[in-house]
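Worksheet: one structure, shown below.
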Amino acid sequence: MLDINLIRHNPDIVRQGLVNRGSDPSAVDAILALDVQRREIIARSEQLRALRNTVSKEIGRMKDEAEREAKKAEMRRVGDEIATLEAELGKIEAQLAELTGELPNLPDPRVPIGADESHNVVVRTEQGTLPPLDFPAKPHWEIGEQLGIIDFERGVKLSGSRFYVLNGLGARLQRGLITWMLDLRRQQGYEERYLPFMVRSQVLFASGQLPKFRDNLYHDAEEDFWWVPTAEVPLTGLHSDEILSADELPKLYAAYTPCFRREKMSAGKDVRGIKRGHQFDKVEMYAFTLPEESDHYLERMREDAEATLRALGLTYRVKLLCTGDLGFAARMTYDLEVWAPGVQEWLEVSSVSNTGDFQARRANIKFRRERGAKAEFVHTLNGSGLALPRTMIAVLENYQQPDGSVVVPEVLRPYVGVDVIRKSD
RNA sequence: GGAAAGGUGGCCGAGUGGUUUAAGGCGGCGGUCUUGAAAACCGCUGUGGGGCUCUGUCCUCACCGUGAGUUCGAAUCUCACCCUUUCCGCCA
């Protein structure tokens, strides 16, 4: 949510920011007009309320019956007028909430301007420590099926396309990655949280998924439950409607959750393998910080995510997203992409974003610098650390051997329990 | 799923239609006293919106779980819903 005062006083800045990220700026004018109407109506109705409050007290003290009845009749008319104004106000505020709720965050000035992902900037490429493969690399679906650790057919039988089953060491590899990542996050200073995987509408509004992106979410038809598309959602809601004290900031959290996405927008894309499913696992990082420290923690969180890939010895690159590719709530985002030699693709395994006070406004998360000081909105950041299926792809394809086996990365061996994944293990 | 009792400020807790401007207490902050501290005493105390003689020790509106309703006037009365606790049922 953008600050209404920013829209009111600097509409040009807001319009420019929206244009830069490829959004329609016309809502700004509608919002400004509604804002003026809103304040006019409030001024009038409050004046009438003040009058009624005063006169009602007088009525309580009146002894003269006729005079009292006359005043009551008069206040009845005032009440009717207030009701009319309030009804009008309700409509205007609903429209205002709808329009402002759909405005995305404004890009940070340092974000390169561009229409789409082709304008993203590769900041850095980090060479992995693994020796290059000296044989033709197989894609992970072949590796997985030949080893018997990924079962696509039974996934489809159970739930349709974009679902799969992990068998034995496949499941253990993923579980090992999750546990290892959570341990790594803890060493980096993040507190672990186990969260609900279904949340109320309000929580999805706070993080920015609702109202605009409901098509990509799974929703329970009978209750107000939505399956989380990322742990970012419940983590944003964790401190909603709270006022934190400055000395407990930053609050750094890590959480493992499955993520559920309808992938309506990417129908037909990435249908092969485990790159894009309706259900996938992720370890997520999240931070609540002082406003002046969020830029610093964006870099810190990117470093922390990178450390995961470095520990696995994988080759990856860091991208700074351009304005046109920013997510709804983000004002600046780094993507980490890992190289997968089997599919010959850079896979997005992490997206690290600073949302500034955008989510904090929607979730009403504040802090106080000192006792008695005015409460201010915190800043929030989120980052994947990391998305599991794509990390699995990278591990399988980079650690594959000529005989079809897959070496388990050293850091994972205590978690997986074997050094090499072979057929029929 | 059934029954009962509840939901009031940071916390406890009073308040069944109008001196309530939400009593009182605790906590917190400031002060008096003190060598210092404690105690005692005095004062202060939340959130959001709007306005202005425009940033103030200002005026005003709203907020007692949520939403509607009754009324000149609602924390208080009515209805619906949500949540909590206890008991029963069911269950991992």
Q. Expressed as a whole number of Å, how far does the P atom of rC77(B) sit from that of rG15(B)?
A. 12 Å
Atom pairs and distances, donor-acceptor, side-chain atoms in residues 75-94 of chain A, under 3.5 Å, two or more places apart:
from   : atom 1 : to     : atom 2 : distance (Å)
T84(A) : OG1    : D80(A) : O      : 2.9
E86(A) : OE2    : S45(A) : OG     : 3.2
E93(A) : OE2    : R38(A) : NE     : 2.7

note: Q202(A), atom CD; rC83(B), atom P; distance rounded to Å ~ 13 Å
Margin query: Classify R8(A) by what it touches in the nucleic acid, base, sugar-phosphate, or nothing, heavy-atom distance under 4.0 Å.
Written below: sugar-phosphate
Here the distance between atom P of rG10(B) and atom CD of E242(A), to the nearest Å, is 13 Å
Rounded to whole Å, CD1 of I41(A) lies from P of rG51(B) at a distance of 13 Å
**P spacing across the pair rU19(B) / rC33(B), given as an integer number of angstrom** = 40 Å
When the C1' atoms of rG65(B) and rU47(B) are compared, how many Å lie between them, rounded to an integer? 16 Å
In whole angstroms, the gap separating P of rG9(B) from CD1 of I243(A) amounts to 14 Å
Separation of rU55(B) atom C1' from N5(A) atom CG, nearest Å, is 14 Å
Examine the side chains of S207(A) and E232(A) and answer whether a donor and an acceptor come within less than 3.5 Å of each other.
no
Between rG31(B) and rA39(B) - C1' atom distance, rounded Å
16 Å
F225(A) CZ to rC82(B) C1', in whole Å, measures 12 Å
Counting only Watson-Crick and G-U wobble pairs with both atom distances below 3.5 Å, the stems of 3 or more consecutive pairs that include RNA chain B are B:1-7 with B:82-88, B:10-12 with B:24-26, B:27-32 with B:40-45, B:46-51 with B:58-63, B:65-69 with B:77-81
To the nearest 0.5 Å, atom OG1 of T391(A) lies from atom CZ of F280(A) at 10.5 Å
Mind checking the C1' distance from rU34(B) to rU45(B)? Whole angstroms is fine. 26 Å
>> Roughly how many Å apart are rG73(B) and rC59(B), using the C1' atom of each and rounding to a whole number?
In response: 22 Å
Please measure how far the P atom in rA23(B) lies from the corresponding atom in rA37(B), and state the result in whole Å. 32 Å
P258(A) meets the side chain to side chain contact (heavy atoms under 4.5 Å, CB included) criterion, sequence neighbours left out, with F197(A), Y256(A), F260(A), D281(A)
### Under 3.5 Å: donor-acceptor pair, side chain of R261(A), backbone of P229(A)
yes
The side chain to side chain contact (heavy atoms under 4.5 Å, CB included) partners of A307(A) (sequence neighbours excluded) come to Q188(A), R310(A)
I4(A) atom CD1 is separated from rG50(B) atom C1', nearest whole Å, by 14 Å
The nucleotide from rG51(B), rG48(B), rC83(B) with an atom nearest the side chain of R200(A) is rC83(B)
| message | Tell me if the aromatic rings of Y253(A) and H239(A) count as close, with their centers under 6.0 Å from one another. | response | yes
**Q.** Atom C1', compared across rC64(B) and rG17(B): separation rounded to whole Å
**A.** 16 Å
Counting primed atoms, P, OP1 and OP2 as sugar-phosphate and everything else as base, the B/S/- map of nucleotides 59-79 of chain B against protein heavy atoms under 4.0 Å is -BBS---------BS------
Those residues at least two apart in sequence (or on a different chain) that pass side chain to side chain contact (heavy atoms under 4.5 Å, CB included) with H119(A) are D116(A), C322(A)
Exercise. Could R302(A) and Y334(A) be counted as a cation-pi pair, given that NZ or CZ must be under 6.0 Å from the ring centre and within 45° of the axis?
Worked result: yes
For residues Y297(A) and H379(A), is any side-chain donor paired with an opposing acceptor at under 3.5 Å?
no
